[in-house]
Amino acid sequence: NPAPLNAQVQYQRSWSDAVNVFPLLGGASETSSVSAPVQINVLRGRTIHNVRVTATHSRSTARTHFSGVLDAAGAAGIVGASSDPFDWGLPSLSFAGLSGLRDLAPSRRTDTRFGTDYTLTRPLQRHTLRLGGGFRHDTSDGRTVSDARGAFVFTGLHTSGGAVVPRGSGLDFADFLLGMPQQASVGFGAGDVTLRGLGFNLFAQEHWRAGSNLTFNLGVRYEVQGTFT
């Protein structure tokens, strides 16, 4: 008997801007995904064999206006900031009595899944038996940084001489002009992180029409998702 084949290709893509109260900050994000499901049904007598293969790939990125253009943190003389062009941007500044400055955290991620499933369907008088299983392989590759350009907190601790800082005194900004934060931190990883995982499943299902107004759906399923490494 002929084997009906159904194949599709689905593609999506979107862009968006990330705005900030400071015009030079912010950036843009982009997401895209492509999926290719293929399904084939083979009829042999009263038995139906269904095979489905699906491959999907998605990607998302977020970048600042400085990414790959200007190492603003390095130009400002911040020691220990990331030198990777992907991380370039302005440091994060926090004040006790003023609005802080924080740029978009750059990120990128890709996810790929390949899966295949098989189902055997066999009608037997009042029973319909289904047996099958599936296998999938997942790969996830990504990178996210939070403080690759440095994060600084200014409270007026130094210009106040350690005394209580009145709100709105401007001493926090004075500490900033002197380059003397109360707290400074920087954090970024070595690069992209790639995770891989395997999974599979097995199942058996029975559709039993016990009477004109009584139907049983009985089944068992076993599924395993391996640890991502």
Side-chain angles (χ1 to χ4, degrees), residues 1-18 27-63 86 104-146 189-229:
N1 295 325
L5 176 66
N6 186 302
Q8 301 180 32
V9 175
Q10 303 163 357
Y11 178 74
Q12 292 182 336
R13 190 173 185 180
S14 63
W15 300 266
S16 63
D17 292 325
S29 61
E30 177 183 342
T31 61
S32 63
S33 65
V34 59
S35 177
V38 178
Q39 180 173 281
I40 185 171
N41 294 305
V42 180
L43 180 61
R44 290 290 184 267
R46 302 184 63 189
T47 303
I48 302 175
H49 303 271
N50 175 271
V51 179
R52 184 171 66 252
V53 177
T54 304
T56 60
H57 178 79
S58 62
R59 180 174 183 269
S60 63
T61 59
R63 291 179 174 272
F86 178 79
L104 178 72
S107 65
R108 61 178 172 229
R109 175 171 176 170
T110 59
D111 294 285
T112 303
R113 166 173 286 189
F114 175 81
T116 179
D117 296 276
Y118 167 76
T119 302
L120 179 149
T121 304
R122 174 73 176 181
L124 300 168
Q125 297 180 351
R126 296 193 177 195
H127 301 266
T128 300
L129 182 65
R130 291 183 175 89
L131 302 172
F135 168 82
R136 63 180 179 270
H137 179 271
D138 294 293
T139 302
S140 180
D141 181 283
R143 178 175 183 176
T144 302
V145 293
S146 55
D192 290 1
V193 175
T194 301
L195 299 174
R196 294 181 176 87
L198 300 175
F200 71 91
N201 65 82
L202 298 170
F203 71 90
Q205 181 180 356
E206 181 184 12
H207 182 83
W208 174 28
R209 296 191 60 185
S212 59
N213 59 354
L214 181 61
T215 301
F216 292 96
N217 281 306
L218 309 173
V220 61
R221 181 180 179 90
Y222 180 71
E223 185 164 353
V224 174
Q225 174 62 59
T227 302
F228 280 86
T229 57

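In this text the structure is predicted, and so the values were computed from the model without any measurement.
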Which residues satisfy the salt bridge (charged side-chain N to carboxylate O under 4.0 Å, His left out) test with Arg13, sequence neighbours excluded? Glu30

Test side chain to side chain contact (heavy atoms under 4.5 Å, CB included) applied to Ala105 - qualifying residues, sequence neighbours left out: none

Tyr222 OH: over 12 foreign heavy atoms closer than 6.0 Å: no

Partners meeting side chain to side chain donor-acceptor pair (under 3.5 Å) with Asn50 (sequence neighbours left out): Asn41

To the closest 0.5 Å, what do you measure between OG1 (Thr139) and CG (Leu195)? 9.0 Å

Enumerate donor-acceptor pairs with a distance under 3.5 Å from any side-chain N or O in residues 112-122 to protein atoms, sequence neighbours excluded.
residue, atom, partner, partner atom, Å
Thr112, OG1, His57, ND1, 2.8
Arg113, NE, Asp138, OD1, 2.5
Arg113, NH2, Asp138, OD1, 3.3
Arg113, NH2, Asp138, OD2, 3.3
Tyr118, OH, His49, ND1, 2.7
Arg122, NH1, Thr47, OG1, 3.0

Can you name the side chain to side chain donor-acceptor pair (under 3.5 Å) partners of Thr56, sequence neighbours left out? none

Qualifying residues under salt bridge (charged side-chain N to carboxylate O under 4.0 Å, His left out), relative to Arg109, sequence neighbours excluded: Asp111

So which heavy atom on Ser32 is nearest to which on Tyr11, and how close? CB-OH, 4.3 Å

Who passes salt bridge (charged side-chain N to carboxylate O under 4.0 Å, His left out) against Arg196, sequence neighbours left out? none

Just distance, no hydrogens or angles: give the donor-acceptor pairs under 3.5 Å from side chains in residues 209-221, sequence neighbours left out.
residue, atom, partner, partner atom, Å
Asn217, OD1, His207, ND1, 2.7
Arg221, NE, Glu223, OE1, 3.2
Arg221, NH2, Glu223, OE1, 3.4

Taking side chain to side chain donor-acceptor pair (under 3.5 Å) as the definition, give me every residue that meets it alongside His127, ordered by chain and number, with sequence neighbours left out. Glu206

So do the side chains of Thr31 and Ser58 get within less than 4.5 Å of each other, counting heavy atoms only? no

Can you tell me how far the OG1 atom of Thr61 sits from the CZ atom of Arg143, to the nearest 0.5 Å? 13.5 Å

Atom CZ of Arg59 with >12 non-hydrogen neighbours under 6.0 angstrom: no

Got a sec, which residues hit side chain to side chain donor-acceptor pair (under 3.5 Å) with Ser16, two or more places apart in sequence or on another chain? Ser29

The side chain to side chain contact (heavy atoms under 4.5 Å, CB included) partners of Gln8 (sequence neighbours excluded) come to Asn6, Gln10, Pro37

Could you work out, with salt bridge (charged side-chain N to carboxylate O under 4.0 Å, His left out) as the rule, every residue matching Asp141, not counting sequence neighbours? none

Shortest non-hydrogen contact from Leu104 to Arg63? CD2-O, 3.4 Å

